[in-house]
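The structure appears right after this line, and notes come after that.
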Amino acid sequence: MIGRPGADLAVHCRGLVKRYDGGVVAVDGLDLDVHAGECFGLLGPNGAGKTTTVEILEGLLQPTEGRVEVLGATWAHQGPELRERVGVSLQETHMFERLSVAEILVLFRSFFTKGREPEDVLRVVSLEEKKNAWYEKLSGGQKQRLAVACALIGDPELVFLDEPTTGLDPQSRLQLWDVVESFKRSGRTVVLTTHYMDEAERLCDRVGIIDHGRTIALGTPRELIASLGGQDVIEVTLSRGALDQPAVEALPGVRGVRRVADGFALSVDPLHVALPALIDLLRATGLDLERLATRHATLEDVFVALTGRGLRD
């Protein structure tokens, strides 16, 4: 049940606060539940508190205040046990450059009393052909997949992936997506932070959007997008003149209007009703269009609507 610790919760925290020397508050009273067997995404801009939150959940940082339970246990009282059950892939990972891929996995496997065979994990992350290659010879995508392999080698019940695909080429991203989806299909739990909205929409069962160390929205990707009031977005840039925002908001099918850097974005539903009405209004008021585009609404639209800034700001 959402909102209370239990067997169905992989992560449960209440009133989480992290305050650094000098008074900087990175996490400010955050509440969070992650259900067993789901892929949960934490979204937010740089500095929102995502990484600090995840590092507390991973047992790498001590919270200033609040209660955290991971797999029904606490790091303070069951730390060694939890380390056997949790896998971690950090935002940046650096390995021994003159060790081979196979040697690195054998090393990490030795940290656990039980786990998976290195050859098995190599197949999962599609690195069989690189097992004898030195770490320093790997591409960026291969290094990221190896970091995920190290997180999986202990056969964890819960794995934390902190921006695992940042900077990767499209093929490497897709390969890591397959790894995450395979892990989730096995009934395990994933906590994922990402800046990529297509990644969150594809992989995550639920997402929490955080800003200034607080949760500002929580739900499935579909639910959060629906909260905008429209499933589609019309982007408008004028070459001259000013858009009458109240008049646009009154148009049929328009659910919301917000300013963006070079114009306006309209949340609409249905698109086939709102778009002709908008064109008629622009024509009637003599405004000249420089650009008009339509697209499906995304989680980034949700975040901008809530905070007025983008996820990468």
Q) Taking C-beta and beyond as the side chain, do H35 and L9 meet within less than 4.5 Å on heavy atoms? A) yes
Q.
Nearest 0.5 Å, please: how far is NZ in K50 from CD in E55?
A. 11.5 Å
Q) Without hydrogens or angle criteria, can the side chains of Q91 and T51 be said to hold a donor-acceptor pair below 3.5 Å? A) yes
**Q.** Side-chain donor or acceptor of D205 paired with backbone N/O of C39 under 3.5 Å
**A.** yes
Q | F183 reachable from L42 in the ILVMFWY side-chain graph, under 4.5 Å edges | A | no
Q: Give a yes or no on whether V88 and V148 share a hydrophobic cluster (residues Ile, Leu, Val, Met, Phe, Trp, Tyr; joining criterion: side-chain heavy atoms under 4.5 Å apart).
A: no
Q. For E223 and R206, what are the C-alpha separation, side-chain angles and deciding distance, and is it a salt bridge (Lys or Arg N to Asp or Glu O under 4.0 Å)?
A. CA-CA 9 Å; E223 287 170 346; R206 293 187 307 135; over 6 Å; no
Q. Do V180 and V207 share a hydrophobic cluster (ILVMFWY, side-chain heavy atoms under 4.5 Å, transitive)?
A. no
Q.
Given D155, which partner from the list R116, K114, R188 fulfils the side chain to side chain donor-acceptor pair (under 3.5 Å) test?
A. R188
Q) When rounded to the nearest 0.5 angstrom, what distance separates CD in E201 from OG1 in T220? A) 10.5 Å
Q.
Under 4.0 Å between a side-chain nitrogen and a carboxylate oxygen: does that hold for D33 and R14?
A. yes
(Q) Using the rule given for side-chain contact (heavy atoms from CB on, under 4.5 Å), can you reason through I225 versus L299, listing the C-alpha separation, both sets of side-chain angles and the distance that settles it, and then say yes or no? (A) CA-CA 6 Å; I225 291 170; L299 289 174; 4.2 Å; yes
Q: Check whether V106 and L122 end up in the same hydrophobic cluster, where Ile, Leu, Val, Met, Phe, Trp and Tyr are linked by side-chain heavy atoms less than 4.5 Å apart.
A: no
Q.
Could you measure the distance from the NE2 atom of H195 to the OG1 atom of T165? Nearest 0.5 Å is fine.
A. 10.5 Å
Q) When you look at CD of E117, are more than 12 heavy atoms from neighbouring residues, nucleotides or ligands closer to it than 6.0 Å? A) no
(Q) Is there a side-chain contact (heavy atoms from CB on, under 4.5 Å) between L161 and L176? Walk through the geometry before answering. (A) CA-CA 11 Å; L161 303 176; L176 272 178; over 6 Å; no
Q: Assess the side chains of T113 and E84: does a donor N or O sit below 3.5 Å from an acceptor N or O?
A: yes
Q) Roughly how far, to the nearest 0.5 Å, is the CD atom of Q144 from the CG atom of L138? A) 11.5 Å
Q) Got more than 12 heavy atoms from elsewhere within 6.0 Å of NZ, K18? A) yes
**Q.** Side-chain H-bond candidate by donor/acceptor type, T194 with E199, under 3.5 Å
**A.** yes
Q: Take D244 and T285 through the test side-chain contact (heavy atoms from CB on, under 4.5 Å) and record every step on the way to the result.
A: CA-CA 9 Å; D244 183 346; T285 52; over 6 Å; no
(Q) Salt bridge or not between D178 and R202? Use side-chain N to carboxylate O under 4.0 Å. (A) yes
Q. Going by side-chain heavy atoms closer than 4.5 Å, which hydrophobic residues are tied to L243, directly or by a chain of links?
A. I234, V236, L238, V248, L251, V254, V257, F264, L266, V268, L271, L275, L278, I279, L281, L282, L287, L289, L292
Q.
So which atom in D31 and which in G15 form the shortest heavy-atom distance, rounded to 0.1 Å?
A. OD1-N, 2.7 Å
Q: Answer yes or no: is there a donor N or O on one side and an acceptor on the other, between the side chain of T93 and the main chain of A147, under 3.5 Å?
A: no
(Q) How close do L30 and C13 get, counting heavy atoms only, and between which atoms? (A) CD2-SG, 4.0 Å
Q.
So, taking the atom named CD1 in I104 and the one named CG in L146, what distance separates them when rounded to the nearest 0.5 Å?
A. 5.0 Å
Q. According to a 4.5 Å side-chain heavy-atom criterion applied to Ile, Leu, Val, Met, Phe, Trp and Tyr, with indirect links allowed, do W75 and V11 form part of one hydrophobic cluster?
A. yes
Q. What closest approach, in Å, do F108 and M95 show between heavy atoms, and which atom pair accounts for it?
A. CE1-SD, 3.9 Å
Q | Short side-chain donor-acceptor distance under 3.5 Å, N132 and S100 | A | no
(Q) Give me the atom names and distance for the closest heavy-atom approach of F303 to I209. (A) CD1-CG2, 2.9 Å
Q) Which distance, rounded to the nearest 0.5 Å, do you find between the CH2 of W177 and the CG of D198? A) 4.0 Å
(Q) Checking the side chain of D301 only, and the main-chain atoms of T298 only, is there a donor and an acceptor separated by less than 3.5 Å? (A) yes
Q: Would you mind reporting whether F160 and V191 have side-chain heavy atoms less than 4.5 Å apart?
A: yes
Q. Under 3.5 Å, side chain of R255 to main-chain N/O of D269, donor-acceptor pair present?
A. yes
Q) Around Q245, counting heavy atoms of other residues, nucleotides and ligands shown, do more than 12 lie under 6.0 Å from its CD? A) yes
**Q.** Heavy atoms of other groups near F111 CZ, more than 12 under 6.0 Å
**A.** yes
**Q.** Presence of salt bridge, E157 and R85, under 4.0 angstrom
**A.** yes
Q) Of all heavy-atom pairs between F112 and I153, which one has the smallest distance, and what is that distance? A) CE1-CG2, 3.9 Å
Q: Go through the steps for V179 and L152 under the test side-chain contact (heavy atoms from CB on, under 4.5 Å), then give the verdict.
A: CA-CA 10 Å; V179 171; L152 300 180; 3.9 Å; yes
Q: Give a yes or no on whether a salt bridge exists between E119 and K131, defined as a side-chain N under 4.0 angstrom from a carboxylate O.
A: no
Q. Which atom names give the shortest non-hydrogen contact between R145 and V125, and what distance separates them?
A. NH1-O, 3.1 Å
